[in-house]
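Contents: one structure, followed by commentary.
On a predicted model such as this, the values are computed, not experimentally measured, just so you know. The chains referred to below are lettered A, B, ... by the order of the sequence lines, with proteins before strands, and numbering in each begins at 1.
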Amino acid sequence: MRTTAFHLVTRKETPQDAEIISHQLMIRTGMIRKLGAGLYTWAPLGMRVLQKVEQIIREEMNAAGGLEMLMPAVQPKELWQETGRIDDFGGQLLAIHDRAMRDYFFGPTHEEVITDFVRNEINSYKQLPINFYQIQTKFRDEIRPRFGVMRSREFIMKDAYSFHLSQESLEHTYQSMKQAYTQIIDRIGLDFRCVLADSGAIGGSGSQEFHVIADSGEDAIMYSDSGEYAANLEKCEAVNLIATRKDAAQALNKVSTPGQKTIDELSEFLGVTSDQTIKTLLVEGTEKPVALVIRGDHNLNEIKAVNLTAVASPLRMLNDEEIKSLTGCDAGSIGVKGLNATIIVDRTVANMSDFICGANENDFHLTGVNWDRDADFDSVEDLRDAMEGDPSPDGVGVLREARGIEVGHIFQLGNKYSTAMNAVVLNEQGKSQAMEMGCYGMGVTRMVAAAIEQNHDDKGIIWPANIAPFQVAILPMNYLKSERVKRAADELYESLNAQGVEVILDDRKVRPGFMMSDFELLGIPHQVIIGDRSLDENQVEYRNRSDMESIKISRDTIESMLVEKIRA
RNA sequence: CGGGGUAUAGCGCAGCCUGGUAGCGCAACUGCUUUGGGAGCAGUGGGUCGGGAGUUCGAAUCUCUCUACCCCGACCA
């Protein structure tokens, strides 16, 4: 490709509304352009990268036995009524209608469509197991799209769905998908972790996420510093930090704490550390209000909370009025003694003794509070976020925290959809049986952004070799005036092309500094600078984008050297 | 969904307070010079000032309204 025949429009300045580096660089290189909130055009440059990622995914999915297909992006509302998932997805569903006012959704995911397909196509256990996938545009009407294609509304996803007669078969395919995902991200060249995850609106039993490690990641992931355990913070088990509850040493005492509302204010006022206090959080319950109790220095894990049967979904904190009428005090003075609510305590809280909590009376707190003697709870659950330094739940090592970008998520769905939609097969006994199902998603467009988050410097992108839009850039100095330079550049360009190397030759009429800055921004892995200066010695100059060190190479060997580096 | 902000040329902005017929930088185009680290000079093109309504002799500017986009927030107990 010659730049004059390509569409290359770079910007020197950082766009004003791009907050994270991948978004900035994708705009500056011209890979993408914004059309509206969460809507992006992929220009030819970006498209080349996108297609590389898609191709790697395709190859690994095919190798793992996946069968590629394509389903409609637009889905009849009736399908979603069959599974009752309209409420689960809520406002994220983009509702549309046709001229006859029939209702449709633009698909955010395709469990319903594939299950409908399969219930009509698959009738016998002999056709199982089977694993279908597609690479397709989805739309999720995010509350707040941001970070460019990292969290856009319209995006491209690879989604796969497997069907099985037995749980064992499902687990087998699940493991092979896990392996395929690992190989995909390895081939793309990114540093990632596979972590335990909550299955959220998709549902089902087991699920794991694949996170590309990056400081800008929207998810917190916890991992053992010396073991195998790794989980999304949402899902990470938080262990009991107090082995056994000590006997009460203090008498119950009501103290005046005027104006002390937050845990930090309270513990400073009383001269204690926050781990001697507890927080009582009042939320809407399925039957009556629920008090979720965690230690003062801990954070409530909303996913864990909302998964409790006593807690209403979605999670809603009681408002000031409700708190006042239930406890007689304002938020800031709520405590567990004499509280008229279902009291659920975190594991660590259950073993606390001589602790401090609100007195259910404004400007008063209780110290020396002890379970059984002063207050009771209804049940003990894992309610809090795990923290860095906690023992790992599997007993090996200590937890560390990292930020991750979720690029893949695999689920064992069981028969949730097949039962709801009556997707059954005849088994070996000739009996009708609901199929077991798995689903496996991967964010293709997000993967591109994640790759940039992990591979850039202050000059621009540093593409991993396997997804670079071009492998080699030929940068001729004074191409339009120097016949010698032009000939050398054209020759190398033609012969690399002939060997199937993806090469871009910059034949624009631009000054050298401009050209070199542009290709540093674009991040092409191998760059060859051809100028009269080095041609005098029958040499050209080679630079690798990752270190940018200039090496003089003989004209006779540059081509074979490049081919060797690319094939390596 | 709640709160805040912005909207003027492809991009980034000024002008608005105090109404008088739109400007700067970058980018683009032409010419000349320059040619190994984002060149210089000269010139050129490009704007229903987000939409609608109102006030006024006159509105980018004042008023009302709609829309779009951006940011922040949804654990004080």
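Comparing U35(B), A77(B), C72(B) by their closest approach to the side chain of R146(A) singles out C72(B). Checked against G36(B), C76(B), C11(B), the side chain of R543(A) finds its nearest nucleotide in G36(B). Across G38(B), U35(B), A77(B), the shortest atom-to-atom separation from the side chain of N478(A) is found for U35(B). Checking C69(B), C71(B), A77(B) against every side-chain atom of E19(A), the shortest atom distance belongs to C71(B). In the set G38(B), U35(B), A77(B), U35(B) carries the atom at the smallest distance from any side-chain atom of P512(A). The listed nucleotides are C70(B), G36(B), C75(B); the one nearest the side chain of I529(A) is G36(B). The listed nucleotides are G37(B), C75(B), C1(B); the one nearest the side chain of D385(A) is C75(B). Side-chain proximity of N299(A) to the nucleotides C70(B), C75(B), G73(B) is greatest for C75(B). Each of A77(B), C70(B), C26(B) was ranked by its minimum atom distance to the side chain of L281(A); first place goes to A77(B). Of the candidates C1(B), G36(B), A77(B), the closest approach to any side-chain atom of M477(A) belongs to G36(B).
Straight-line distance between the P atoms of G58(B) and G12(B): roughly 35 Å, to the nearest whole Å.
Under a cut-off of 6.0 angstrom, the local environment of CD in E268(A) is sparse, with at most 12 non-hydrogen atoms contributed by other residues, nucleotides or ligands.
Stacking of R48(A) on the aromatic ring of F470(A) is recorded, both the 6.0 Å distance cut-off and the 45° axial limit being met.
D532(A) comes within 4.0 angstrom of nothing in the nucleic acid, heavy atoms only. Among the heavy atoms of the strands, none lies under 4.0 Å from I294(A).
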For T309(A) and E287(A), run side-chain contact (heavy atoms from CB on, under 4.5 Å): C-alpha distance rounded to whole Å, both residues' side-chain angles, the deciding distance at 0.1 Å, then the answer. CA-CA 10 Å; T309(A) 49; E287(A) 285 170 17; over 6 Å; no
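When the side-chain nitrogen and oxygen atoms of R144(A) are compared with OP1 and OP2 of C71(B), one or more of them lie within a distance under 4.0 Å. For U34(B), neither phosphate oxygen OP1 nor OP2 lies less than 4.0 angstrom from any side-chain nitrogen or oxygen of K481(A). An OP1 or OP2 oxygen of G36(B) is reached within less than 4.0 angstrom by no side-chain nitrogen or oxygen of R533(A).
Summary of the strand contacts: I278(A) and F514(A) both lie near RNA chain B, and taking for each the nucleotide with the nearest heavy atom, the more 5' one is attributed to F514(A). Residue order along RNA chain B, read from the 5' end via each residue's closest nucleotide, puts R511(A) first among K459(A) and R511(A).
No donor-acceptor contact under 3.5 Å links the side chain of E520(A) to the base of G38(B).
The aromatic ring centres of W371(A) and F355(A) sit less than 6.0 Å apart.
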